[in-house]
Structures are given as structure tokens and as C-alpha cells.
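Below is one structure; the comments refer to it alone.
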Amino acid sequence: MSEDVKKGLLGIVVDETTISQVMPDINSLTYRGYAVQDLCEKCSFEEVAYLILNKELPNKSQLKKFKKELDVNRSITINLREIVKHMPKRAHPMDVARTVVSVMGLEDKDTSNNSPQANMRKAIRIFAKTPTAMAAFFRTRKGKKVIPPKKGLGFSENFFYMCFGKLPNKEIIKAFDISLILYAEHSFNVSTFTARTITSSLSDIHSAITGAIGSLKGPLHGGANEEVMNMMNKIKKPENAFTWINNALDKKEVVMGFGHRVYKKGDSRVPTMEKYFKKISKIKNDKKFNKIYDIVKKVMMDKKDIHPNVDYPTGPMYHLMGFDTDFFTPIFVLSRITGWSAHIMEQHAANKLIRPLSKYSGEKHRKVMLLNQR
Ligand code: CMC
């Protein structure tokens with residue numbers, strides 16, 4: 001490979017952003033200048049969502065207004081509910097998420113309006129409605145009745161309520177909320193870059209988020225939390241974990257939930273998420289996943305010096321909370337809609353068409369032979 005080709009855009013800075021900063025040398029991640037750990041400790045997910053979208057943390061009345069706006073926008077149309085009902089039960093929920101955002105684009109009265117005000121209105125509608133549509137699929141594919149959103153419940157509470165028909169204890173809601181805060185934004189990752197690339201042709205927010213969901217689905221990105229759970233299920237019990245992971249490494253397999261393009265000395269989100277996974281494991285009296293978690297992590301660190309990323313603790317945590325494995329990445333979507341929307345608005349505000357170059361390595365100039373001569 002020629003040296004001037006930067007495969008995977010490794011190390012290339014393509015634009016400026018004011019939304020988040022990843023500082024791998026000091027294991028830090030900030031949203032609009034606030035450390036995520038500080039946000040996790042002092043704020044709800046709604047406050048962080050507001051911060052990402054509006055650049056500042058809300059005061060009490062701004063938060064009240066924002067929550068009201070979410071409440072007003074949570075319902076989905078009968079048309080979308082019917083579409084969700086008729087989706088194949090075996091469809092992957094990430095494909096459903098991609099499709100429901102696309103359908104929302106057909107229904108939104110502002111679709112073709114890319115003004116900052118219209119983009120904010122659309123961002124809030126996508127953010128508020130996507131959990132409702134996904135919870136509807138969570139239930140309809142099990143043959144259960146759809147539960148509409150309930151006014152006055154918070155973002156996380158509402159999602160549990162619409163999926164399960166009841167609320168879990170407050171510590172579970174808190175851990176879920178923390179996971180949404182940590183998943184909300186992460187600079188120029190694959191899906192965000194996809195959203196910005198789509199936006200750069202002056203396309204609309206629904207198209208950009210639809211594309212971003214397709215990008216997040218892959219196991220090297222958001223799909224990893226699902227693959228972590230599949231791995232733990234293959235390991236089956238703690239007694240198998242040490243041999244299983246050593247065999248995987250001997251076979252040079254990629255172990256999901258480990259490694260990161262930017263963080264090479266540990267993902268800044270993991271200590272907080274791990275603490276909450278351990279709490280949930282205790283609440284649920286889990287004797288299995290907690291131990292498998294520790295054994296696999298120790299081998300990866302001792303043998304390869306590869307650290308876990310945020311998808312490693314969220315996978316088993318969402319499982320213990322009762323979510324189906326293929327719903328883990330859609331939960332990531334519900335949160336990342338905030339980061340994507342902020343990036344789409346930032347791209348629109350100072351746009352330059354994203355159009356990189358490639359180095360041609362195919363056949364040299366050839367002459368076309370007529371069909372009967374080939
Ligand atoms: N398991 C085993 N080996 C690994 C892993 C892993 N998870 N990650 C990196 N390595 C090895 C890799 O094989 C390579 O070894 P060698 O130098 O011998 O070829 C070395 O570490 C450097 O890795 P790399 O592939 O150059 O790193 P990258 O920056 O291109 O890839 C990554 C980053 C995230 C794609 C990769 O670490 C990976 O595939 N991890 C598993 C998938 C995963 O957990 N993704 C979630 C990412 S973070 C959250 C999110 O975005 O959702």
C-alpha cells in the first residue's frame with residue numbers, strides 16, 4: 001500500500017467540532033466541555049441530550065419545556081404503528097430502526113426544510129418517536145399488544161414502560177440512563193461520519209440518521225454490544241471462560257467489546273459503565289456474567305494489552321435488565337440520535353461537501369474490444 005493512502009482515514013483530521021472531545025492520552029471524553037463522568041454523576045439523560053443539542057446545560061424551566069416537548073412528540077402515527085406491526089418478526093431490530101426513521105422522513109412536514117429551526121424540530125421528533133416505534137416492535141414480534149408512551153415519565157422510564165408494561169426499580173433506570181449518557185456522542189466515529197457525509201451533500205436529517213443507523217449496525221461499531229452477549233452465551237459458564245478466550249486468541253479471532261481506534265490505553269467510558277454493570281449484576285443476583293466478564297477482561301489485558309470498550313459492560317447489563325440481545329444496538333441508536341443530530345446541524349451550519357480522493361490501482365488504460373472479438 002502506498003504511503004500517501006490513509007486507509008480507514010487513520011489519523012486524519014477532517015473537520016472541527018464543538019460537540020465532544022476524545023482525549024485518549026488522558027482517558028477523557030467531554031461533551032461541550034463537560035467530562036462525561038461529571039455528567040453521569042450530576043445529570044439525567046434528558047439534561048445531557050439537551051446539552052448536546054443546544055450547546056448548554058438546561059436550567060429548570062428549560063428542562064421542563066424540553067421534557068414537555070418530548071412528551072408531546074412521543075406518539076407515532078397510526079401509519080407507522082401499522083408498518084411496524086407488519087414488519088417480519090425475524091427482522092433485525094436495527095433494520096427496523098433504520099426503516100422507522102426513514103418512514104418518519106416520509107411523514108414529517110419539515111422534511112425538505114434544512115433550516116436550523118426545522119432541523120432542531122425534526123431532531124426532537126426523531127429523538128422522541130424512535131423509542132416508541134422500537135418498543136412497539138419489541139412487543140409486536142412477541143405477539144404482545146403495543147403500549148403507548150405515558151406522559152410524565154422520563155426518557156428511560158418510558159422505554160422500560162413501553163417494552164415491559166411496568167417500571168423496574170430506580171437503580172435499574174439509573175444504570176440505563178447512565179448507559180444512554182455514555183452512548184450519546186463520540187466525535188467522528190463511523191456512524192457520525194456517515195451522517196456528516198450524507199449531510200454534506202445538503203441532504204436532510206432523516207436521510208443522514210437512516211444512513212448512520214446502517215453504519216452503527218456493524219459489529220466493529222455499535223453491533224459489538226450484541227456480539228459481546230453472543231460471546232458470553234457461547235462461553236456458557238465461568239469455568240469455561242479462561243480456556244475459551246485463550247483459544248480465541250490463539251486462533252487470532254477478534255474479541256468483541258475490546259479495542260478501539262482512538263483509545264489504545266482504555267476507553268474513558270468503561271470505568272463508569274463497569275461500575276453500573278456490577279451494580280445491576282448484584283441486584284439481579286447474577287453469578288455468571290459478572291465472573292465471565294472479569295475472566296475474559298483479565299486475559300485480554302494480560303495477554304494482549306487490549307482494553308475493553310464501552311460495549312463490553314453494556315452487553316451483559318442490558319441482558320440482565322431483560323432486553324433481547326438484538327435490541328442492544330437499537331438502544332445505542334436511541335441515545336446516539338442526539339449526537340448525530342448535533343453533528344448534522346453543525347455540518348449544515350458550515351458545510352463543505354465531503355469528497356475524498358482515492359489512489360487508482362486497477363488496470364491501465366485499455367482498449368474496448370467489440371463483443372464478437374472478446
Ligand atoms: N480482539 C483481538 N485483537 C484485537 C482486537 C480485538 N477486539 N482489537 C484489536 N486487536 C488487535 C488487532 O488484531 C491488531 O493486531 P495486529 O497488530 O497483530 O494485526 C492490533 O490489535 C491493532 O488493532 P487494529 O485492528 O489495527 O485496530 P483498529 O483501530 O483498526 O480497530 C476496532 C479498532 C474497534 C475495529 C478493533 O479493536 C475491533 O475490531 N474491536 C472489536 C469490535 C468492537 O468491540 N467494536 C466496538 C468499538 S467501540 C464502541 C463503538 O463504537 O461501538
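Please read these numbers as outputs of a predicted model, since none were measured by experiment. Every number for a ligand or one of its atoms is a count from 1 in the order of the listing.
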For G222, the ligand 1 atoms whose distance to one of its heavy atoms is below 4.0 Å: 52 (O)
Which of the ligand 1 atoms, numbered from 1, are nearer than 4.0 Å to a heavy atom of G257: 43 (C), 44 (O)
From CA spacing to verdict: ring-ring contact (aromatic ring centres under 6.0 Å, His included), F323, F328: CA-CA 7 Å; F323 291 104; F328 297 177; 7.7 Å; no
Protein residue, atom and distance nearest to atom 51 (O) of ligand 1, heavy-atom basis: H221 ND1, 2.8 Å
Verify atom 12 (C) of ligand 1: protein non-hydrogen atom under 4.0 angstrom away: no
Ligand 1 versus K264: contacting region, heavy-atom distance under 4.0 Å: side chain
Residue A224 vicinity, atoms of ligand 1 by number, heavy atom under 4.0 Å: 43 (C), 44 (O), 45 (N), 46 (C)
Any protein heavy atom nearer than 4.0 Å to atom 15 (O) of ligand 1: no
Ion pair check, D302 and K297, cut-off under 4.0 Å: no
Steps toward salt bridge (Lys or Arg N to Asp or Glu O under 4.0 Å) verdict (R121, D108): CA-CA 10 Å; R121 288 196 295 273; D108 201 296; over 6 Å; no
Polar atom proximity, K304 to ligand 1 (N or O, under 3.5 Å): no
Nitrogen or oxygen atoms of F258 and ligand 1 under 3.5 Å apart: yes
Salt bridge present between R196 and E346 (N-O < 4.0 angstrom): yes
Protein non-hydrogen atom found under 4.0 Å from atom 19 (O) of ligand 1: no
Any protein heavy atom nearer than 4.0 Å to atom 30 (O) of ligand 1: yes
Sub-4.0 Å heavy-atom contact, K7 with ligand 1: no
Flag: protein heavy atom within less than 4.0 Å of atom 7 (N) of ligand 1: yes
Mutual orientation of the aromatic rings belonging to F160 and F176 [parallel < 30°, tilted 30-60°, perpendicular > 60°]: perpendicular
Ionic contact status for K288 with D286, cut-off 4.0 Å: no
Heavy atom of protein inside 4.0 Å of atom 39 (O) of ligand 1, strictly below: yes
Ion pair check, K352 and D15, cut-off under 4.0 Å: no
F289 six-ring face occupied by K291 cation (under 6.0 Å, within 45°): no
Non-hydrogen atom of G8 closer than 4.0 Å to ligand 1: no
Closest non-hydrogen atom pair between P58 and E47, with its separation: CD-O, 3.7 Å
Pick from V255, V310, V270: the one approaching atom 1 (N) of ligand 1 most closely through a non-hydrogen atom: V255
Per-atom contacts of ligand 1 with I306, taking only distances under 4.0 Å to non-hydrogen atoms: 3 (N), 4 (C), 5 (C), 9 (C), 10 (N), 11 (C), 21 (O)
Which residue and heavy atom of the protein sit nearest atom 49 (C) of ligand 1, plus the separation: D311 OD2, 3.2 Å
Contacting atoms of ligand 1, where contact means under 4.0 angstrom from a heavy atom of M256: 41 (C), 42 (C), 44 (O)
Contact partition for Y312 relative to ligand 1, non-hydrogen atoms under 4.0 Å: neither
Carboxylate-amine/guanidinium proximity below 4.0 Å for D38 and K42: yes
Heavy atom of the protein closest to atom 48 (S) of ligand 1 (residue, atom name, distance): H260 CD2, 3.3 Å
Aromatic plane relationship, Y183 with F332 - under 30° parallel, 30 to 60° tilted, over 60° perpendicular: parallel
Nearest-option assignment for atom 45 (N) of ligand 1, heavy atoms, candidates T192, L10, L220, D305: L220
For L29 against Q37, the heavy-atom pair lying closest together: O-OE1, 4.5 Å
Enumerated ligand 1 atoms positioned under 4.0 Å from heavy atoms of V254: 1 (N), 2 (C), 6 (C), 7 (N), 39 (O), 41 (C)
Positive for side-chain hydrogen bond (donor to acceptor under 3.5 Å, both in side chains) with T77, one of K129, E82, E107: E107
Ligand 1 atoms in contact with R261 (distance to a heavy atom under 4.0 Å): 28 (P), 29 (O), 30 (O), 33 (C)
NZ/K60: more than 12 non-hydrogen atoms of other groups inside 6.0 Å: no
Flag: protein heavy atom within less than 4.0 Å of atom 22 (C) of ligand 1: no
Within-shell test, E253 vs ligand 1, heavy atom, strictly < 4.0 Å: yes
Aromatic plane relationship, F127 with F45 - under 30° parallel, 30 to 60° tilted, over 60° perpendicular: perpendicular
Within-cutoff protein neighbour (heavy atom, under 4.0 Å) for atom 26 (O) of ligand 1: no
Sub-6.0 Å ring centroid separation between H343 and H186: no
